[in-house]
Amino acid sequence: MHVTHDAPLAPLTTLGLGGPAATLVELTDPGDFTEFVAFVEAGAERGRPPVSLGAGSNALVHDDGCSAPVLRMATHGIRRRDRSGEERVLLEVQAGHSLSDLVATTVGEGLTGMEMLTGIPGTVGATPIQNVGAYGQEVSDTLVAVRAWDWQARRRVTIPAAACGLGHRTSRFKGTRRWTVLSLVFALRRSALSAPIGYRQVAAELDVDLGARVPLAEAARAVHAVRRGKGMLLECAHPGERSVGSVFLSPAISPARATELRARNAPVNSFPDGSTRVSASWLIREAGFGPGRPVAPGVRVSSLHYTLVAEEPVGSATAAGFAAAVEIVRRRVHRHTGVQLTAEIDYLGDWEQHSAGKEASLPFSDASHDGSVTLRIKG
Ligand SMILES: Cc1cc2nc3c(=O)[nH]c(=O)nc-3n(C[C@H](O)[C@H](O)[C@H](O)COP(=O)(O)OP(=O)(O)OC[C@H]3O[C@@H](n4cnc5c(N)ncnc54)[C@H](O)[C@@H]3O)c2cc1C
């Protein structure tokens, strides 16, 4: 367990924004977690739950940083629990393990269930928080249980997947610091072939029909190629852009709105939780945010994908500016399309105490109506 004070958090996030952690603890050995609990309970904050941080690929840290202790999960390791001959293989994976490495391991070992998650940045411990998913697969497809520390009950708990409230990019863990995820148990199936290809772009990349099953490694390669084309891989982000992925959820819409938007050629898809959703990227484009368009100082629409990015080197961009840009896009999309966008990113740090219950005026104007915008942040 490694403790530092006044530790910059920006370099620990993919956006590169935000202030320092008053106390940052990095945990590499799962066996040190008990010591960490004692450290938190003996600290000035007396048991106030820490902020858990993985690879910072879905996080916007406040410019003033984080006064609560920040725990960076850097534990690694996969423990296999399988019996020869059985089709199902159980894997227990430490929270700090890289998701990309886990996916590569499962594909390499001939296990299906995660091959479409290739190229998603971040740690395994963060995956249940928003039920990470892409191209037809979600963590909920393979998750068996979450092992966590419950800061409210002050004990280790094992939460079965069915009790995790996993939905479309959400779970009971989203928006609360009650649990620190320690490890996850997944069940995968032995198979040389992938799950059925459910996305047109992936099918086109493979030159197969929708619903086809292909060798695992080919499916992963095709998803990787599609993501590369959209700039949705960290390693191929456009030079000068720092990304936090989609920023917005694809919003759920009513059947009537789905019919109306389909008639306008909007990508409208059905999801495993029963919801029908329209692509957030399409809505952003419809609202007139073209590639590269500046939205707030140092924050613009990506040149590769309809999402917000911070300009690099980070100079004029601030976390407050990024949050303001999120609000500008949200309001304009609503005005132009009637659909409400919700942010997918997690606001970490002192947002709550700076904005609790009040609206903060921000020094940016929405170019569409020249008025200053206000921001309400829930923390
Ligand atoms: C280029 C790019 C592409 C992306 N593509 C996708 C995609 O296709 N699908 C998708 O679902 N997401 C995508 N994302 C978002 C992101 O990769 C995922 O949300 C990922 O799970 C975040 O992992 P992380 O370790 O970086 O979490 P962080 O950003 O560090 O944290 C995210 C949240 O999880 C919490 N958290 C982290 N670790 C723990 C823990 N051990 N215990 C409790 N809480 C924890 C944090 O407090 C925070 O609320 C993308 C992001 C980028 C930058």
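Both counts, for ligands and for their atoms, begin at 1 and track the order of listing. All residue numbers refer to positions in the sequence shown, counting from 1. All values below were derived from every heavy atom in this structure, side-chain atoms included, with hydrogens, water molecules and symmetry-related copies excluded.
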Could you give me the CA-CA distance, side-chain angles and deciding distance for S194 and E218, then say whether side chain to side chain donor-acceptor pair (under 3.5 Å) is met? CA-CA 8 Å; S194 70; E218 276 186 37; over 6 Å; no
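At distances below 3.5 Å, not a single donor-acceptor pair connects side-chain atoms of T176 with backbone N or O atoms of F173. The closest donor-acceptor contact from the side chain of D273 to the backbone of G167 lies at 3.5 Å or more, if one exists at all. Not a single donor-acceptor pair under 3.5 Å links the side chain of N131 to the backbone N or O of S171. A donor-acceptor contact shorter than 3.5 Å is absent between the side chain of T118 and the backbone of E115.
Only the backbone of W179 comes within 4.0 Å of ligand 1, judged by heavy-atom distances. Only the side chain of D346 comes within 4.0 Å of ligand 1, judged by heavy-atom distances. Contact annotation for V132 and ligand 1: heavy atoms of both the backbone and the side chain come within less than 4.0 Å of the ligand. Under 4.0 angstrom from ligand 1, the non-hydrogen atoms of V244 all belong to its backbone.
The contact set between ligand 1 and T123, taken as ligand atoms under 4.0 Å from a residue heavy atom, comprises 23 (O), 24 (P), 25 (O). Within the listing of ligand 1, atoms 11 (O) sit less than 4.0 angstrom from a heavy atom of R169. Taking a cut-off of under 4.0 Å to the non-hydrogen atoms of R227, the atoms of ligand 1 that pass are 3 (C), 4 (C), 5 (N), 6 (C), 7 (C), 8 (O). Of all atoms in ligand 1, listed by their number and element, those nearer than 4.0 Å to a heavy atom of M73 are 41 (N). Close contacts between ligand 1 and A59 involve ligand atoms 29 (O) [criterion: under 4.0 Å to a heavy atom].
Residue nearest to atom 53 (C) of ligand 1, selected from G245, P49, G125: G245 (by heavy-atom distance). Here the shortest heavy-atom distance to atom 16 (C) of ligand 1, taken over A55, G175, A134, S57, belongs to S57. Of the listed residues (H97, Q130, M232), the one carrying the non-hydrogen atom nearest atom 1 (C) of ligand 1 is M232. Residue nearest to atom 23 (O) of ligand 1, selected from A126, A95, G54: A126 (by heavy-atom distance). In this structure, of T13, L184, I129, the residue bringing a heavy atom nearest to atom 44 (N) of ligand 1 is I129. Nearest residue to atom 28 (P) of ligand 1 from S98, S243, G56, G122 is G56 (criterion: closest heavy atom). Nearest to atom 9 (N) of ligand 1 by heavy-atom distance, out of G231, G119, G133, is G133.
Here's the thing with T127: none of its N/O atoms is less than 3.5 angstrom from an N/O atom of ligand 1. In terms of polar-atom proximity, defined here as any N/O pair under 3.5 Å, T180 makes no such contact with ligand 1. An N or O contact shorter than 3.5 Å links N58 to ligand 1 by distance. At least one N or O atom of P121 sits closer than 3.5 Å to an N or O atom of ligand 1.
Dense packing is recorded around CZ of R81, with more than 12 heavy atoms of other residues, nucleotides or ligands lying under 6.0 Å away.
What sits closest to atom 46 (C) of ligand 1 on the protein, heavy atoms only, is S52 O, 3.1 Å.
No option in E92, Q94, R79 other than E92 meets the side chain to side chain donor-acceptor pair (under 3.5 Å) test with S183. When each of V157, V37, V40 is tested with W149 by the rule side-chain contact (heavy atoms from CB on, under 4.5 Å), just one qualifies, namely V37.
Electrostatic pairing of R257 and E260 counts as a salt bridge here, judged by a charged N lying under 4.0 Å from a carboxylate O. Salt bridge R178/D150: present, at least one basic N to carboxylate O contact under 4.0 Å.
Taking NE2 of H305 as the reference point, atom CD of E241 lies at 11.5 Å (rounded to 0.5 Å).
The heavy-atom pair separating K174 from I129 by the smallest distance is CB-O, 3.5 Å.
Using modelled atom types, one finds no donor on one side chain facing an acceptor on the other under 3.5 Å when comparing E311 with S316.
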